[in-house]
Amino acid sequence: MSFLEDSEIILRPLELSDAEGDYPNWLNDMETSKGNSHHRFPYSRDEAREYIRSSRASENDVILAIVEKCSGNHIGNISLLDICWFSHSAKFAILVGSSTARGKGIGFRSGKLILEHGFIALNLHRIYCGTYVTNTAMNSLARKLGMTLVGTLRESAYKDGLYLGENLFDILRPEYLAKI
């Protein structure tokens with residue numbers, strides 16, 4: 001089932017069958033998870049199934065699978081999380097889990113689709129994200145999507161024996177609408 005799509009990708013709700021594929025392995029892979037908060041504890045297929053069940057029931061999260069149209073492969077996840085219906089804001093998150101899909105613009109294509117959904121269909125006013133200062137791919141993606149660096153939290157995260165700063169980005173609805 002397609003929810004959002006362009007010429008190359010489909011964003012659809014996560015399905016329980018996704019837990020049987022590579023998805024749980026992404027969160028157990030040190031290289032895939034080096035730029036995010038995963039890979040601290042083992043992640044099981046059962047945990048993936050429970051996450052999928054809870055995500056489908058949430059009224060404050062839009063969590064979607066990124067699927068390649070040509071192959072039908074589930075290659076990542078993208079989300080608008082912690083939607084605050086009072087403030088009209090949400091947190092953007094993305095994981096391109098399949099190593100063969102990275103560096104091909106999938107994150108940008110997916111990001112454009114979900115930002116449009118957030119600002120147009122959900123009437124959000126602000127979409128924001130945070131990422132480690134060392135996560136060059138996510139820092140670049142946030143900027144490419146038109147987000148502004150609004151600050152850096154110093155040594156706010158601990159990962160692999162290091163304290164890392166987190167860059168905070170956001171984009172407001174008028175800024176987004178001016179760019180489309």
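Below, each value reflects all heavy atoms present in this structure, side chains not excepted, and no hydrogens, waters or symmetry copies. These figures come from a predicted structure and were not determined experimentally.
Residue F169 is tested with N139, I127, L145, T148 for a side chain to side chain contact (heavy atoms under 4.5 Å, CB included); the sole match is N139. D18 pairs with exactly one of R53, R12, R45, R49 by the salt bridge (charged side-chain N to carboxylate O under 4.0 Å, His left out) rule, that one being R12.
Closest heavy-atom contact between F3 and L64: CD2-CD1, 3.8 Å.
For the side chain to side chain donor-acceptor pair (under 3.5 Å) test, no residue two or more places apart in sequence or in another chain qualifies with S87. Evaluation of the side chain to side chain donor-acceptor pair (under 3.5 Å) rule for T136 yields no partner, not counting sequence neighbours. By the salt bridge (charged side-chain N to carboxylate O under 4.0 Å, His left out) test, E8 is found to be paired with R109, residues two or more places apart in sequence or in another chain being considered. Residues passing the side chain to side chain donor-acceptor pair (under 3.5 Å) test with S44 are E47, sequence neighbours excluded.
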Starting from the C-alpha separation in whole Å, work towards a yes-or-no answer on side-chain contact (heavy atoms from CB on, under 4.5 Å) for H74 and I66.
CA-CA 6 Å; H74 175 206; I66 304 169; 5.6 Å; no
Evaluate the criterion side chain to side chain donor-acceptor pair (under 3.5 Å) for residue pair W26 and N77; output intermediate values, then yes/no.
CA-CA 11 Å; W26 303 335; N77 294 341; over 6 Å; no
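Judged by the 6.0 Å and 45° rule, K91 forms no cation-pi pair with Y128.
Evaluation of the salt bridge (Lys or Arg N to Asp or Glu O under 4.0 Å) test over residues 62-76, restricted to residues two or more places apart or in two chains, returns E5-K69.
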Please list every donor-acceptor pair under 3.5 Å in which a side-chain atom of residues 110-117 meets a protein atom from a residue at least two apart or in another chain.
unit_1	atom_1	unit_2	atom_2	d
S110	OG	I106	O	2.8

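Checked for salt-bridge contact, D61 and R56 miss the test: no charged N lies under 4.0 Å from a carboxylate O.
A single hydrophobic cluster is not seen to contain both L80 and L172; linkage of ILVMFWY side chains at heavy-atom distances under 4.5 Å, directly or through other members, places them apart.
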